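Remember, predicted model here, so these are calculated numbers, not experimental data.
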Amino acid sequence: NRLFSEVIEEAENSEKYIPITIEKHKGGFFVYNRKTNEFMGQGETRKQLEDVLAKRYPDTKFMAERENLKVFNEPI
């Protein structure tokens, strides 16, 4: 299971997911809660970022808009 999921309308209203925004700054990735703008974690790579979020928010799934996932420069 990947931590990042494509946004779907049902998930947007679900308590099972935290909607996130991912930003890239100077080679690092920063994640914010899209509803509260709370900083949630950072990492130098997608893998590091996923590991940080998994550790800080166990048993939680995150969703980012498909367009926002392009920040990783990887196939979606």
Side-chain angles (χ1 to χ4, degrees):
N1 277 337
R2 298 191 83 149
L3 291 176
F4 300 108
S5 301
E6 182 177 333
V7 171
I8 53 176
E9 192 169 323
E10 289 177 27
E12 184 73 44
N13 298 318
S14 171
E15 296 296 320
K16 296 178 186 177
Y17 296 89
I18 296 176
I20 60 171
T21 298
I22 307 159
E23 297 180 2
K24 183 176 182 180
H25 299 283
K26 296 186 181 183
F29 297 101
F30 299 81
V31 172
Y32 300 90
N33 182 312
R34 198 166 60 232
K35 290 184 179 180
T36 66
N37 291 319
E38 171 191 3
F39 171 78
M40 298 177 67
Q42 70 186 66
E44 291 181 17
T45 65
R46 182 179 183 152
K47 173 78 169 107
Q48 285 179 349
L49 187 57
E50 289 176 344
D51 290 346
V52 165
L53 291 175
K55 186 174 182 178
R56 287 189 70 190
Y57 303 92
D59 302 319
T60 303
K61 293 187 179 187
F62 306 90
M63 64 178 172
E65 293 179 354
R66 178 180 277 278
E67 197 62 32
N68 190 216
L69 292 174
K70 291 180 180 180
V71 72
F72 293 118
N73 292 322
E74 300 173 353
I76 297 175

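- To the nearest 0.5 Å, atoms CG (Leu53) and CD (Gln48) are separated by 12.0 Å.
- Note that OH of Tyr32 and CD of Glu38 are 11.0 Å apart. Values are rounded to the nearest 0.5 Å.
- In this structure, Arg34 and Ala64 approach most closely via the heavy-atom pair NH1-CA, 4.3 Å.
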Please tabulate, one pair per line, all N/O donor-acceptor pairs under 3.5 Å involving side-chain atoms of residues 20-27, not counting sequence neighbours.
| residue | atom | partner | partner atom | Å |
| --- | --- | --- | --- | --- |
| Glu23 | OE1 | His25 | NE2 | 2.9 |

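- In the hydrophobic cluster analysis, where Ile, Leu, Val, Met, Phe, Trp and Tyr join through side-chain heavy atoms closer than 4.5 angstrom, Phe29 is grouped apart from Val52.
- In this structure, Phe30 CZ and Leu49 CG are separated by 10.0 Å, a value rounded to the nearest 0.5 Å.
- How far NZ of Lys61 is from CD1 of Ile18: 13.0 Å, rounded to the nearest 0.5 Å.
- Scored by the salt bridge (charged side-chain N to carboxylate O under 4.0 Å, His left out) test, Lys47 finds Asp51 as partners (sequence neighbours excluded).
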